[in-house]
Amino acid sequence: MAKFWKPGTEKPRLVEDEDGGVLFFYSTSSSSSSSFGYANNLQQQRQRLPVFKRRDAILFLVENHATTIVVGETGSGKTTQIPQYLNEGGWAESGHVIGCTQPRRLAVQSVASRVAEEMGVKLGEEVGYVIRFEDVTTPGVTRIKFLTDGVLLREMMDDPLLSKYSVIMIDEAHERSISTDIVLGLLKKIQRRRPELRLIISSATIEAKSIASFFRASKKHRGGATKELGPKTEPAIVSVEGRGFTVEINYIQEPVADYLRAAVSTVMLIHKQQTVGDILVFLTGQDDIDAGVQLLNEEAQSSGKSNGELLVLPLYSGLSRAEQDLVFSPTPRGKRKIIISTNIAETSLTLEGIVYVVDSGFSKQRFYDPLSDIENLVVAPISKASARQRAGRAGRVRPGKCFRLYTEEYYVNEMSAEGIPEMQRSNLVSCIIQLKALGIDNILGFGWPSSPSPEAMIRALEVLYSLGVLDDDAKLTSPTGFQVAEIPLDPMLSKALLASNELGCSEEMLTISAVLSVQSIWISVRGAQKQLDEAKLRFAAAEGDHVTFLNVYKGFLESGKSSKWCHKNFINYHAMKKVLETREQLKKTAQRLGIVLKSCDRDIQVIRKAITAGFFANACHLEPYSHEGKYKTVRTSQDVYIHPSSVLFRVNPKWVVYHSLVSTDRRYMRNVVTIDPTWLVEVAPHYYQYQGPGSIATLTR
DNA sequence: GAGCACTGC
């Protein structure tokens, strides 16, 4: 058994951090001396990880502090090792579970199987994981459990105090996703009720301070362990070194006007002047990237001698699986691979063999405007934290270089330290219904890690009120509110699903909901647009996109869920498999809520009515005498158009409801369905009033 | 006739 600190023995040495107030440990023991009589490879590897030097310190701090913040760059081994240290330190005794969350499903699965391997146990027994659609744990046996933070949130609905956990580690907290932030806010509340619960928050360097100050109790609540029993409330911070190689940072001398051209010439310069090694270029989106790939190929052609030496590959989520796989294939001998990527390579995917990074300094970010209730995707400057993360991608295999397409002066003086948390850039409807379901009544006064704007919160409350999910006192209605909260869908879609039960078309609405939950069921093929449009016509329904989805689903089932059939019809097979999974999960939830599975057998009208019952706020009517298909939203009289990808594009029916808006030079409605305007008053009499034939208005509230 | 950074339940 390896050495670790035990309560009651002499404690490790602690020193005050010069930044004030926080505990900081430095190692006193000669770390990995052989306390093993024999050591297999895995155990030796474990001890070589940088985090091993902090093993005793981490166990000591977790014992004595309610919250421990572990600061460390990638490669420290904290994710795989800390849960094992806790297990070795006795935190999974008497049926308790050590939980560790990750923001992404793939990370949950790979970390869990790695830890199971290191412990020599079968995955799903002592070490398990839970992600949506997959529970690989054995209750009563599983001691270390990896899960997405979204799953942890769902668990709180059944067990608000998370009573089976003794320690919960929130990994990658610096990414500040919506669910991480909600989890952090709720865990802080749980700690007041369960002082014995220990939290470990893992974060990258820059963000650690704001997270520490969030967990630092306000002065009047602060109590030391000297007077009372139990852990200190003051969060401890321990830092763990990373394992990355040094990355030399280069800045551009003068600001550039066109980062695309600058990126291309920088790549060519690296190729001419620097030794072998692949190059990763960060641009913003598909357009930029495709243009960049083309420019680079032209440059390589014209520069003659390097012709054929460059292998230029695009990388973004919209690519097919096969196209994405190209990026991971080994670089052919004598070639230099250049990957031009979106933010996907910043956190979600890890590329091996990258030695040079070119950072444009921009990414596409979502911003939400509560007044128009629209989420926009805009190209915006990245933060210092992102810039560091991008640079770090160059130092995974050997020392690397990062070329920033902005000046050092800009980096130092103008770039913000941290990005804006997702919570402050998003529509909050789903977030707020979850908090309500967890019994958080005072939304405005909730202890948010970063509070969203009051306007955004009020807008979300209004939407939930109009859906009949919240009552006049802003409490969840029964049963609708509780049911909508239980269904893992956007609340408007959940409401439509509930309505479909009354209208007798729940089978159809389950399918539609599942399809709307995946990115797109169509294959995006550049250069084969015409064939895609023709394929779509085979399924197109006059009533709109939602009914078209039903036709696709039916065809897919009739084909025997065939991938060949999908390929032939320009349908994304992987997306359809996800539709099946999602539909199955929704079906189970729906049945638990007492929804009766029933098909309306091609009575399309009730399906459209059910959709309207959820999406009535998105009703639009065609402008009379409009020759360009201009619609106005009923609620705010904004100009909107049917998106060219919709089967109703250029059909322009008089009345429609849309599922979502995308905003570019115009506002486009994606996924629209035709409605009869009288339904609006029928399904939402509190929201609309009838003003004579063909005229509906929102009620002023 | 246009264009979807990335996750998650």
Side-chain angles (χ1 to χ4, degrees), chain A residues 101-108 130-135 147-157 172 175-183 282-291 315-319 341-349 360 362-367 375-380 382 386 389 419 422-423 425-426 430-431 433-434 437 484-491 493-494 513-514 517-520 522 524-526 529-530 532-533 578 581-582 585-586 588-589 628-629 641-646 649-652 660-671:
Chain A
T101 73
Q102 296 292 320
R104 282 170 289 280
R105 295 160 50 97
L106 194 65
V108 168
V130 185
I131 55 179
R132 186 182 186 179
F133 308 132
E134 253 186 280
D135 183 344
L147 65 172
T148 54
D149 31 29
V151 168
L152 187 67
L153 257 179
R154 287 277 156 187
E155 284 190 1
M156 286 188 200
M157 289 196 185
E172 315 286 354
E175 287 188 22
R176 303 297 305 274
S177 72
I178 289 183
S179 40
T180 306
D181 268 20
I182 303 179
V183 163
F282 283 104
L283 295 181
T284 59
Q286 186 175 333
D287 276 357
D288 269 9
I289 290 169
D290 289 342
L315 178 62
Y316 41 85
S317 74
L319 290 176
S341 173
T342 61
N343 255 4
I344 194 169
E346 196 180 301
T347 48
S348 304
L349 292 179
S360 65
F362 290 94
S363 70
K364 275 199 184 172
Q365 293 163 36
R366 182 170 56 201
F367 286 96
E375 291 182 325
N376 292 314
L377 266 184
V378 249
V379 173
I382 62 169
S386 277
Q389 177 76 17
E422 192 188 9
M423 183 78 83
R425 298 184 282 114
S426 308
S430 296
C431 163
I433 194 171
Q434 294 214 50
V484 167
E486 185 98 352
I487 302 170
L489 289 172
D490 176 273
L493 208 46
S494 303
S513 304
S517 300
V518 305
Q519 293 259 354
S520 170
W522 305 105
S524 66
V525 265
R526 282 156 296 160
Q529 199 51 53
K530 211 172 158 213
L532 172 61
D533 284 350
K578 191 145 191 208
E581 277 186 326
T582 309
Q585 188 201 21
L586 291 173
K588 280 188 197 140
T589 310
E628 48 169 359
Y641 299 82
I642 292 179
H643 195 278
S645 66
S646 169
F649 178 66
R650 282 204 287 237
V651 177
N652 295 331
S660 62
L661 281 185
V662 290
S663 193
T664 53
D665 54 330
R666 283 177 170 184
R667 284 182 177 140
Y668 287 102
M669 304 181 265
R670 298 181 76 182
N671 298 324

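A quick note: this is a predicted structure, and the numbers were derived from the prediction, not measured. First the proteins, then the strands, lettered A, B, ... as listed; each starts at 1.
Across all strands shown, A:E422 has no heavy atoms under 4.0 Å from either base or sugar-phosphate atoms. If you check every strand for non-hydrogen atoms under 4.0 Å, A:T342 touches sugar and phosphate atoms only. Within 4.0 Å (heavy atoms only), A:S179 reaches no atom of the nucleic acid at all. Among the heavy atoms of the strands, none lies under 4.0 Å from A:V662. Across all strands, A:T148 comes closer than 4.0 Å only to sugar-phosphate atoms, never to a base (heavy-atom distances). Looking at heavy-atom distances under 4.0 Å, A:N376 makes no contact with the nucleic acid at all. Among the heavy atoms of the strands lying under 4.0 Å from A:R105 are primed sugar atoms or P, OP1, OP2 only; no base atom is included. Within the 4.0 angstrom heavy-atom criterion, no nucleotide atom of any strand lies near A:F133. Among the atoms of the strands shown, none is found under 4.0 Å from any heavy atom of A:I487. Counting non-hydrogen atoms under 4.0 angstrom, A:R154 reaches a base of the nucleic acid. A:I344 comes within contact range of the sugar-phosphate backbone alone, with a heavy-atom separation under 4.0 Å but no base atom that close.
To the nearest 0.5 angstrom, A:L283 atom CG is 11.0 Å from A:K364 atom NZ.
Side chains of A:Y316 and A:D290: a donor-acceptor N/O pair is present below 3.5 angstrom, by distance only.
Each of A:R132 and A:P644 was assigned the nucleotide of DNA chain B with the nearest heavy atom; the assignment lying further toward the 5' end belongs to A:P644.
Of all heavy-atom pairs spanning A:S360 and A:F282, the tightest one is OG-O, 2.8 Å.
With a heavy-atom cut-off of 4.0 Å to chain A, the contacted part of DNA chain B has its first and last nucleotide at B:dG1 to B:dC9.
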Hey, mind stepping through A:E422 and A:R366 against salt bridge (charged side-chain N to carboxylate O under 4.0 Å, His left out) and telling me if it holds?
CA-CA 8 Å; A:E422 192 188 9; A:R366 182 170 56 201; 2.7 Å; yes
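Under the side chain to side chain donor-acceptor pair (under 3.5 Å) criterion, A:T101 pairs with no residue at all, not counting sequence neighbours.
The pair A:E628-A:R666 meets the salt-bridge criterion, with a side-chain N (NZ, NE, NH1 or NH2) lying under 4.0 Å from an Asp/Glu carboxylate O. Under a 4.0 Å N-O distance rule, the pair A:E175/A:R104 qualifies as a salt bridge.
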